[in-house]
Amino acid sequence: MKKYASFIAILIVLGTIYWSFSDLKPSISSQKELLQTGFSLDSALFHLKNISQKQHYVGSEGHKEVQNYLVSELEKLGFEVEIQQKVAVNKKWFAATNTENIIAKLPGTSSGKALLLLSHYDSAMFSSIGASDAGSGVVTILEGIRAFLAKNAAHKNDIILLFTDAEELGLFGAQAFVKHHPWAKNIGLVLNFEARGSGGPSYMLLETNGKNSKLLSEFLLAKPNFPAANSLMYSIYKMLPNDTDLTVFRANANINGFNFAFIGDHFDYHTAQDSYERLDRESLLHQADYLMTLLPYFANSNLENLNSTEDFVYVNFPFIGMLTFSFSWVLPFCFIATFLFLLILFFGIGLNKITMKGLLKSFVPFLLSTVLAGGISYLLWKLIVLIHPHYKDILHGFTYNGYGYIAAFVFLNLYIVLKIYQYFFKEEKPASLLVAPIFFWLIINFVISAYLKGAGFFIIPVFGALLILAIAVFTNLNKHILTIVFAIASIPTIYIFAPLIKMFPVGLGLKNIFISGILIALVFGLLVLVFFQKKNQLLMKISGVFALIFFGYATFNSGFSEENKKPNSLVYVQNDDEKTAYFGTYNQTLDAYTEQIFNDGFKEGSLQNAETKSKYNTRFRFYKETEFKDIESSKIKILKDSTRGENRMIEFVIKPSKKINRLEFITNQKISLTNFTVNDALINEGKKYTVKKGTFLIYYVANADKEITMSFTTDKKEAIDIIVNEISFDLLSHPKFSIKPRSTAMMPMPFVTNDAIIISKKIKL
């Protein structure tokens with residue numbers, strides 16, 4: 001036992017880490033047991049391959065093709081399919097487009113509230129082919145409803161299928177459905193399937209204006225086989241400006257629901273690499289498991305009132321799947337833990353198992369390791385980005401070698417904490433080393449009880465550490481046996497926090513890798529007695545070696561390839577009024593594609609009124625004056641420009657002379673608008689809309705749009721100085737340009753206007 005105790009303890013730790021990840025999603029080998037419901041992964045993949053052949057953003061040729069395919073498949077299942085066409089407005093971002101939602105209904109046997117199955121069928125503008133986001137959600141519902149119908153079982157509630165349009169542009173399809181469709185008034189619950197990457201476990205996120213306990217209880221009663229969720233995500237999500245279709249149902253119609261989304265392989269999100277081939281099949285299985293367990297349950301449940309009077313803390317937990325308790329218990333648990341801590345501390349000092357000197361010394365390694373793990377991780381990532389500036393061109397913030405970096409930083413931080421603690425492993429009373437970690441974890445939990453109750457499960461590791469401390473104080477077991485016992489007592493802590501250490505840098509970007517470093521140091525402090533040895537050098541050396549190996553691996557794979565393409569960008573900007581033209585690029589580092597333009601004579605900086613709005617507010621890095629190509633722009637016809645009293649009424653129509661994809665309206669000075677409409681859709685619903693300067697409307701041009709009409713009323717004393725940018729994604733195909741295509745190791749940069757011609761001109765009134 002003396003010889004193998006540490007080895008067994010390490011095996012327990014490693015086994016628990018593996019267990020915590022394997023419990024989060026199904027494996028391909030388990031699909032037969034999982035999908036007794038009749039869901040066919042092969043059928044879902046067949047549909048996915050058909051709808052992810054090419055880009056299908058709003059206004060593209062592929063968009064209509066995918067729409068026709070989905071309508072045809074639903075009709076084959078016996079549905080009467082409706083295409084809801086409506087100009088929809090997102091008042092938060094002052095944007096609009098002409099949406100075409102795909103809607104069908106499976107009637108139930110009762111007159112209660114309906115269950116809505118939701119996903120979106122448009123891909124991100126303009127290069128994404130949308131296999132994961134959200135083709136995976138669409139085919140999960142399509143195959144899931146086929147399997148459900150095949151069982152021919154009666155169900156109480158109506159089941160509505162909604163494949164929304166223009167989600168990627170501003171949740172427009174959901175806006176149109178909630179505001180204008182009569183079925184929206186009778187929905188009791190929404191199941192929304194999404195993706196923010198191309199792999200990993202699918203996490204459940206609740207959407208509710210109220211409390212979560214009833215929703216969560218019903219979710220668990222449906223018995224999903226792989227529930228992956230925690231209330232910390234729920235609490236943070238409620239504080240952030242959310243952006244899924246389900247948010248519209250919750251915010252605008254007070255309808256509760258569940259989001260299911262996977263976030264792994266985040267580097268594929270919204271890119272040309274969001275393909276059928278790169279989608280993790282197990283992630284699709286996970287979505288299917290959620291649907292095929294929740295669909296029959298909620299199709300027969302009472303959906304009249306799923307509001308709650310209390311919130312629950314919840315987190316994945318070994319053996320039971322998910323541990324839950326009320327928010328109201330967070331503070332009492334803190335007091336109970338504090339009482340137990342003081343009680344054990346009192347007896348520990350009295351029994352000479354804890355010394356005052358050792359107690360005070362315990363603060364040094366814990367605080368030092370926490371500060372250094374977080375600080376070194378933060379500064380080291382800054383250095384890595386300086387060494388590899390092309391990482392800045394991956395706007396997601398998660399590089400292709402990101403998992404290698406996560407592993408490298410995990411081992412580096414483990415090396416740091418072991419190196420620091422090795423000087424304290426000579427402590428004659430090892431129980432003393434637990435005092436500082438428990439003390440600070442209690443402080444963290446009291447803060448949580450006041451400001452972030454969703455993280456209330458952070459009290460669980462404290463109780464685990466108190467159990468370890470009590471065993472160390474009240475028993476006289478052989479120290480080698482104790483090492484194994486302490487490892488077993490640490491299983492819940494490791495099980496809960498191992499996935500979080502990975503999830504933060506994946507979901508939030510590698511710039512937040514320092515959060516993982518801090519978590520490692522915090523958790524290690526509670527597990528210190530598992531690793532306590534006077535000569536524990538081997539694990540430290542192994543950690544250091546693996547850190548070097550993974551940093552080397554990440555560095556070796558820091559470049560781009562056909563499998564992991566380099567994002568780059570080119571935009572041609574033509575100013576019709578000044579008869580000038582420029583090329584711009586968002587790239588921090590130039591390459592063979594961008595250097596065909598930016599080979600000499602270019603400047604660093606941006607162009608006024610030329611950079612269209614983007615997710616990360618990305619601006620041009622370089623620009624270069626070029627030949628004015630005099631590309632024909634849309635015709636603008638003034639229909640009305642008159643005054644009545646103190647008001648000035650303006651109406652004009654824009655008729656594109658070629659295929660355009662987006663219009664942006666910009667003002668260079670303050671403007672106040674009322675009765676503001678675009679294609680008869682009211683933008684501000686009678687309220688005054690004041691813009692000091694900048695973009696005041698974005699209109700995404702759909703296939704159904706032949707022309708765009710805008711009207712508004714303003715104070716006649718206000719000077720009107722409106723610039724319109726018309727944007728078309730035809731730079732590479734336009735006959736006036738001869739730009740060499742990208743190599744197979746390149747792709748268009750996502751989240752920005754790319755491969756585009758922007759024509760800017762003033763509207764002359």
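What's counted below: heavy atoms across the whole structure, side chains too, no hydrogens, waters or symmetry copies.
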Q: Answer yes if the ring centres of Y689 and F94 are under 6.0 angstrom apart, and no otherwise.
A: yes
Q: Verify the ring-centre separation between Y269 and F262: is it less than 6.0 angstrom?
A: no
Are [X] and [Y] ion-paired here, with the side-chain N under 4.0 Å from a carboxylate O?
{"X": "D576", "Y": "K762", "answer": "no"}
{"X": "D755", "Y": "R742", "answer": "yes"}
{"X": "E194", "Y": "R196", "answer": "no"}
{"X": "K64", "Y": "E100", "answer": "yes"}
{"X": "K761", "Y": "E726", "answer": "no"}
{"X": "R648", "Y": "E718", "answer": "no"}
{"X": "K566", "Y": "D591", "answer": "yes"}

Q | By side-chain contact (heavy atoms from CB on, under 4.5 Å) - contacts of K629 (at least two apart) | A | Y572, Q574, E627, I631, K736, F737
Q: Could you pull out all residues at least two apart from S52 that satisfy side-chain contact (heavy atoms from CB on, under 4.5 Å)?
A: L48, A131, Y276
Please determine whether the number of non-hydrogen atoms from other residues, nucleotides or ligands lying under 6.0 Å from atom [atom1] of [X] exceeds 12.
{"X": "Y378", "atom1": "OH", "answer": "no"}
{"X": "K658", "atom1": "NZ", "answer": "yes"}
{"X": "K579", "atom1": "NZ", "answer": "yes"}
{"X": "F46", "atom1": "CZ", "answer": "no"}
{"X": "D680", "atom1": "CG", "answer": "no"}
{"X": "E61", "atom1": "CD", "answer": "no"}

Q.
Tell me the closest heavy-atom pair linking I263 and G507, and the distance in Å.
A. CD1-CA, 4.0 Å
Q | Heavy-atom pair with the smallest gap, counting every atom of S60 and N703 | A | O-ND2, 3.0 Å
Do [X] and [Y] make a side-chain contact, defined as non-hydrogen atoms from C-beta onward lying under 4.5 Å apart?
{"X": "N679", "Y": "N98", "result": "no"}
{"X": "L673", "Y": "T713", "result": "no"}
{"X": "H47", "Y": "L70", "result": "no"}

Rounded to the nearest 0.5 Å, what separation is found between the [atom1] atom of [X] and the [atom2] atom of [Y]?
{"X": "I51", "Y": "Q67", "atom1": "CD1", "atom2": "CD", "value": "12.5 Å"}
{"X": "I129", "Y": "S123", "atom1": "CD1", "atom2": "OG", "value": "8.5 Å"}
{"X": "T674", "Y": "D715", "atom1": "OG1", "atom2": "CG", "value": "9.5 Å"}

Going by side chain to side chain contact (heavy atoms under 4.5 Å, CB included), [X] matches just one of [options]. Which one?
{"X": "S132", "options": "S283, S275, S198", "result": "S198"}
{"X": "Q175", "options": "N252, D245, T99", "result": "N252"}
{"X": "L731", "options": "I758, I739, V571", "result": "I739"}

(Q) Would you call the rings of Y405 and W381 parallel, tilted or perpendicular, taking 30° and 60° as the class edges? (A) perpendicular
Q. Any idea how F696 and F676 line up, ring-wise: parallel (<30°), tilted (30 to 60°), or perpendicular (>60°)?
A. tilted
Using atom types as modelled and distance alone, determine if a side-chain donor or acceptor of [X] lies under 3.5 Å from a backbone N or O of [Y].
{"X": "N512", "Y": "L508", "result": "yes"}
{"X": "N90", "Y": "G170", "result": "yes"}
{"X": "N754", "Y": "P750", "result": "no"}
{"X": "Y400", "Y": "K565", "result": "yes"}
{"X": "N661", "Y": "F729", "result": "yes"}
{"X": "T585", "Y": "L570", "result": "no"}
{"X": "N101", "Y": "Q85", "result": "no"}
{"X": "Y700", "Y": "A166", "result": "no"}
{"X": "T714", "Y": "S672", "result": "yes"}
{"X": "H120", "Y": "D122", "result": "yes"}

Give a yes-or-no answer on whether the side chains of [X] and [Y] include a donor-acceptor pair shorter than 3.5 Å.
{"X": "R662", "Y": "T753", "result": "yes"}
{"X": "S728", "Y": "K659", "result": "no"}
{"X": "T744", "Y": "E562", "result": "yes"}
{"X": "H181", "Y": "E82", "result": "yes"}
{"X": "Y586", "Y": "D393", "result": "no"}
{"X": "Y593", "Y": "N568", "result": "no"}
{"X": "D705", "Y": "Y699", "result": "yes"}
{"X": "N599", "Y": "K624", "result": "yes"}
{"X": "S711", "Y": "T677", "result": "yes"}
{"X": "Y57", "Y": "E168", "result": "no"}
{"X": "S569", "Y": "N587", "result": "yes"}
{"X": "Y582", "Y": "N575", "result": "no"}

Q.
Does H56 form a side-chain contact (heavy atoms from CB on, under 4.5 Å) with E65? I'd like the steps, not just the answer.
A. CA-CA 8 Å; H56 45 280; E65 293 174 3; over 6 Å; no
Q: Kindly indicate, with the supporting measurements, whether the criterion ring pair (Phe, Tyr, Trp, His ring centres under 6.0 Å) is fulfilled by F751 and H270.
A: CA-CA 7 Å; F751 307 115; H270 280 194; 5.3 Å; yes
**Q.** Chi angles and distances behind the side-chain contact (heavy atoms from CB on, under 4.5 Å) call for F267, T399
**A.** CA-CA 6 Å; F267 39 70; T399 59; over 6 Å; no
Q.
Using salt bridge (charged side-chain N to carboxylate O under 4.0 Å, His left out), reason through R278 and E563 one step at a time and then give a plain yes or no.
A. CA-CA 10 Å; R278 291 173 74 97; E563 289 72 34; over 6 Å; no
Q | Criterion side-chain contact (heavy atoms from CB on, under 4.5 Å) on F652 and K640, from CA distance to verdict | A | CA-CA 7 Å; F652 57 86; K640 180 189 294 185; over 6 Å; no
Q: Show your reasoning for whether side-chain contact (heavy atoms from CB on, under 4.5 Å) applies to I723 and I763.
A: CA-CA 6 Å; I723 296 170; I763 297 178; over 6 Å; no
